[in-house]
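One structure is given below, encoded as structure tokens.
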2 protein chains.
Amino acid sequence: MTIAEVSKKYGVSADTLRYYERIGLIPPVHRTAGGIRDYTDDDCNWVGFIKCMRSAGLTIEALIEYVTLYQQGDETIQARKDLLIEQRRLLLERIAEMQATVERLDGKIERYDQWNQRFSQQLAQSSSKNEQP
Amino acid sequence: MTIAEVSKKYGVSADTLRYYERIGLIPPVHRTAGGIRDYTDDDCNWVGFIKCMRSAGLTIEALIEYVTLYQQGDETIQARKDLLIEQRRLLLERIAEMQATVERLDGKIERYDQWNQRFSQQLAQSSSKNEQP
DNA sequence: ATACACCATGGAGTGCACTCCAGGTCAAGT
DNA sequence: ACTTGACCTGGAGTGCACTCCATGGTGTAT
């Protein structure tokens, strides 16, 4: 597959694909004799994997380390697994934090609801200032 | 409260607090006669709220709009509520995406486990290449 | 009253993660 | 062989979200 095809398939610009390869966020891509990138299925899977992990918020740093370990061969399998486990833990931590934020928003939204109720009851009577942040 | 105290309390640098105020991410903070910031409880609550929302990933853009609406008074209550509901929805969407990524990581980690099992069974026999991304 | 730590502002600087560009190479169609 | 469009590289440029800095004002303790 050409870089344009991979770009389209994964919704990642060709520039970004080259950039990812340059910084080691994906392993070197297979090339034609002329030096043009010719993504194999494995290369594509790396792109998909990295895209998924990046959009979930894994740091570039951690992913580069994973790729680096991968390229060092079978001796690093335990290290790679440990890395993934740690990143999974961080991800769950962030999910929990975001869940807490959802609940905070729920509380705020509910207070707006209550205000609306009071407002419709008091329509055309006195007006009370709404002071919630 | 002085800016230094607020900075310490919320773990946000004084520069960032001033920056947030400047771009309208928090409403203007109360000042002393001499022009020095003197955060009220309300000002502090804004800082806490914005910090929480930012670290959950809400965009600065959306939060500025929320603050802008807030400053326009009671007429914007419905709009503010709608904004929060929409942001809540986006947050849940991202949580779901991250949850899917956790599951993808689980699958990968499990495959590393299986490889380790095979490896310890085959110890000192043949070596098989590990090809998972 | 003066020293000195803290605070103010406007503007410049930083690091990240791309994104764009110039100048040149490659390859598919005619 | 030639045109044309996609691709190559190295390097410069961009936008965001801060972060730092120079210069000058504030306010409290001695």
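Just so we're on the same page: letters track the sequence lines, and every chain starts at 1.
- In this structure, A/E5 places its CD atom 11 Å from C1' of D/dA6, rounding to the nearest Å.
- Between A/A33 and B/I36, the residue anchored nearer the 5' end of DNA chain C, judged by the nucleotide with its closest heavy atom, is B/I36.
- In terms of phosphate contacts, B/Y20 brings no side-chain nitrogen or oxygen within less than 4.0 Å of OP1 or OP2 of D/dA17.
- Distance CD1 (A/I23) to C1' (C/dC18): 9 Å, rounded to an integer number of Å.
- If you take CD1 of A/I3 and P of C/dT25, they are 19 Å apart, rounded to a whole angstrom.
- Between A/T16 and the phosphate of C/dA17, there is no side-chain N or O to OP1/OP2 separation shorter than 4.0 Å.
- Separating the OH atom of B/Y39 from the C1' atom of C/dA8 is a distance of 12 Å, rounded to the nearest angstrom.
- An OP1 or OP2 oxygen of C/dC18 is reached within less than 4.0 angstrom by no side-chain nitrogen or oxygen of A/S13.
- Protein atom CZ of A/R54 is 12 Å distant from nucleotide atom P of C/dC16, rounded to whole Å.
- Taking hydrophobic clusters as Ile, Leu, Val, Met, Phe, Trp and Tyr residues chained together by side-chain heavy-atom distances below 4.5 Å, A/I23 shares a cluster with A/L83.
- Within the 4.0 angstrom heavy-atom criterion, no nucleotide atom of any strand lies near B/A14.
- Taking the six-membered ring for Trp, A/W46 and A/Y70 have ring centres closer than 6.0 Å.
- Side-chain contact, A/R80 with B/Y112: a donor N or O sits under 3.5 Å from an acceptor N or O.
- Taking atom NZ of B/K51 as the reference point, atom P of D/dC18 lies 12 Å away to the nearest angstrom.
- At least one cation-pi condition fails for B/K9 and B/Y39: the charged atom is not both under 6.0 angstrom from the six-membered ring centre and inside a 45 degree cone around its axis.
- Ranked by how close their nearest DNA chain C nucleotide is to the 5' end, A/G35 and A/D15 are led by A/D15.
- If you measure from atom CG of B/L25 to atom P of D/dA17, you get 10 Å, rounded to the nearest angstrom.
- Counting any heavy atom pair closer than 4.0 Å across all strands shown, A/R37 reaches sugar-phosphate atoms only and no base atom.
- Spacing between atom OH of B/Y19 and atom P of C/dG13 amounts to 18 Å, rounded to whole angstrom units.
- Residue-level contact check: B/R22 touches neither bases nor backbone, having no heavy atom under 4.0 Å from any strand.
- Counting only heavy atoms from C-beta on, A/A4 has its side chain closest to D/dC7 among C/dT19, D/dT9, D/dC7.
- Among the atoms of the strands shown, only primed sugar atoms or phosphate atoms (P, OP1, OP2) are found under 4.0 Å from some heavy atom of B/I60.
- Salt bridge absent: A/D38 and A/R31 never bring a charged side-chain N and a carboxylate O closer than 4.0 Å.
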